[in-house]
There are 2 protein chains.
Amino acid sequence: MVGQIIRCDSCAVRHRSVCSALTRPEIERLNGMAHAKLLPPGAVIMRDNEKSSYFANIISGVVKLTKSLGDGRQQIVGLQFASDFLGRPFRANSPYNAEAVTDVHLCTFETQQFEKLAKEFQDLEHRLFEHTLDELDAAQEWMLLLGRKSAEEKVASFLVMVARRMQSVGCHAAGHVTRFELPLSRAEIADFLGLTIETVSRQFTRLKNDGHIAIEGARTVVVQDMDRLRNISESVDG
Amino acid sequence: MVGQIIRCDSCAVRHRSVCSALTRPEIERLNGMAHAKLLPPGAVIMRDNEKSSYFANIISGVVKLTKSLGDGRQQIVGLQFASDFLGRPFRANSPYNAEAVTDVHLCTFETQQFEKLAKEFQDLEHRLFEHTLDELDAAQEWMLLLGRKSAEEKVASFLVMVARRMQSVGCHAAGHVTRFELPLSRAEIADFLGLTIETVSRQFTRLKNDGHIAIEGARTVVVQDMDRLRNISESVDG
DNA sequence: GCCTGTTGTTGATCAAAATCAACGTCGCGT
DNA sequence: ACGCGACGTTGATTTTGATCAACAACAGGC
């Protein structure tokens, strides 16, 4: 689905997305630029090294950002959830592929219009900057994981991360989300953690056998003790 | 050495650093805020999770950004060269340790003063944004390396990257720098590539034996064929 | 229902890199 | 010159995770 006009007033991510930087009259302007898109899993949103004609806020769903080597080896370099912003402002080409992992609702903006708006309203550019800083933090945190953590620590870290993101996406006031659905397949988790499918699967059963998690039908995870899992993910004792 | 006043006019990185966003009168303001620092190898510039009281431009030398696990495992999450900017604007705490790798000349600015300036002169904030986007690109490129490349590909990638950065730091008009000094020890290279010292050493001798590089006294590398090395780093054929 | 393709698990074996260990080299202080 | 410590290389062995292979669970099409 493409091109449907959006009402920012009723937007689910109005106060968490980059749009939160805008005041009433500014939002009106943005409103006129916004178009909704609904994408199925697997839909390609941006392609590495190619120009993208639009930016987007994720209204709902999960998007993976990937990079590949010539022979097909793939690495997920970012996971984006509801309220996250897609696209590299002020860059001609996308530095990665972006692909819908679940059904994804996007609110898209034509590149030039949006960059013009960002130049006009400094708060909007500042908000984009903040989002980029968050992405950088996440990337560097993940570098530590990819370079130095064991398979078990990687899988535990992944679960902790997903639980945290699911929490902020949902509307859970306090405490941890302990039961959640994984947005990624085993193959995608492997591409995220720099492992193989088989190793990911084995670490899941290990965590299950050790009583740290329960698994319901491959995609649903119940974390018994989030702090314990976090300890495993950082190799505190154990 | 701390606190010496700097003259921006004669600054070696005046036109490549974030300062290039500023015009004559603005630079004058910045001039009044700048203090020089000369740090020896090993000097700690920022500490993970701690507040830093200043930002800095690197005038010369190399700075490593590291993150560690509780048990001492370490990962270099960024390497910064001359003209690069140090410090996370609009963030309370540093997300990594920053440490001088060589002798390092810094041009430092007090945090609050500098952020105020960035708010006033939008071009400066924009330039900081651009630098952050570059850092993010580098981080995600490195995630692909850490997650999916073999030891040989990692070391080749490292050499290609250092050659490129050395080139932009020096004043080489065109063509590749093929002979350069490594700024990092074997241990630091290992921490950058997610390998052990021994594996790094073995891959160096392998690249040497295969005739791709020559090594002079451990720290100086001569690349025979940069394109061939780049191919190895991305696993094109062979 | 049944067939088929996709996804996930488990086991056996293999290989790449880690670990353990010894030794060489260089620079520095005395 | 000598000895020491840091750094780097090389070899032997072990370990972790990859690869190869078989099969189970499940969903969708007909």
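Note: hydrogens, waters and symmetry copies are ignored here, and every other heavy atom, side chains too, is used. Everything quoted here is computed from the prediction, not taken from an experiment. Just so it is clear: chains get the letters A, B, ... in the order the sequence lines come, proteins before strands, and each one is counted from 1.
- Following rounding to the nearest Å, A:Glu152 (CD) and D:dT15 (P) show an atom-to-atom distance of 17 Å.
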Worked verdict on B:Leu182 versus B:Thr220 for side chain to side chain contact (heavy atoms under 4.5 Å, CB included): CA-CA 6 Å; B:Leu182 297 175; B:Thr220 301; over 6 Å; no
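- The distance from atom CG of B:Leu184 to atom P of D:dC7 is 13 Å, rounded to the nearest whole Å.
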Under 3.5 Å, N/O pairs linking protein and nucleotides 18-25 of chain C:
from, atom 1, to, atom 2, distance (Å)
C:dA18, OP2, B:Thr196, N, 3.4
C:dA18, OP2, B:Thr196, OG1, 3.0
C:dA18, OP2, B:Thr199, OG1, 2.4
C:dT19, O4, B:Arg202, NH2, 2.9
C:dC20, N4, B:Glu198, OE2, 3.1

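- Taking atom CD1 of residue A:Ile215 and atom P of nucleotide D:dA25, one finds them 15 Å apart after rounding to whole Å.
- In summary, B:Arg91 and A:Asp137 engage in a salt bridge, as defined by a charged side-chain N under 4.0 Å from a carboxylate O.
- Comment: B:Arg165 engages B:Asp84 in a salt bridge, judged by a side-chain N to carboxylate O separation of less than 4.0 angstrom.
- Rounded to a whole Å, the CZ atom of A:Phe204 is 12 Å from the P atom of C:dT10.
- In this structure, NZ of A:Lys149 is placed 18 Å from P of D:dT16, rounded to the nearest angstrom.
- Each of A:Arg88, A:Lys64, A:Arg47 was compared with A:Tyr96 under the side-chain contact (heavy atoms from CB on, under 4.5 Å) criterion, and only A:Arg88 meets it.
- Around the CZ atom of A:Arg219, the shell of radius 6.0 Å holds more than 12 heavy atoms that belong to other residues, nucleotides or ligands.
- Of the charged side-chain nitrogens involved, none lies within less than 4.0 Å of a carboxylate oxygen, so that A:Arg148 and A:Glu153 do not count as a salt-bridged pair.
- Counting non-hydrogen atoms under 4.0 angstrom, A:Arg219 reaches the backbone sugars and phosphates but no base.
- Between the CD atom of A:Glu188 and the C1' atom of C:dG8 there is a distance of 14 Å, rounded to whole Å.
- What separates CD1 of B:Ile189 from C1' of D:dG8 is a distance of 11 Å, to the nearest Å.
- Going from atom CG of B:Leu193 over to atom P of C:dA16 covers 18 Å, rounded to whole Å.
- Nearest-nucleotide positions on DNA chain C for A:Ser201 and B:Gln203 put A:Ser201 closer to the 5' end.
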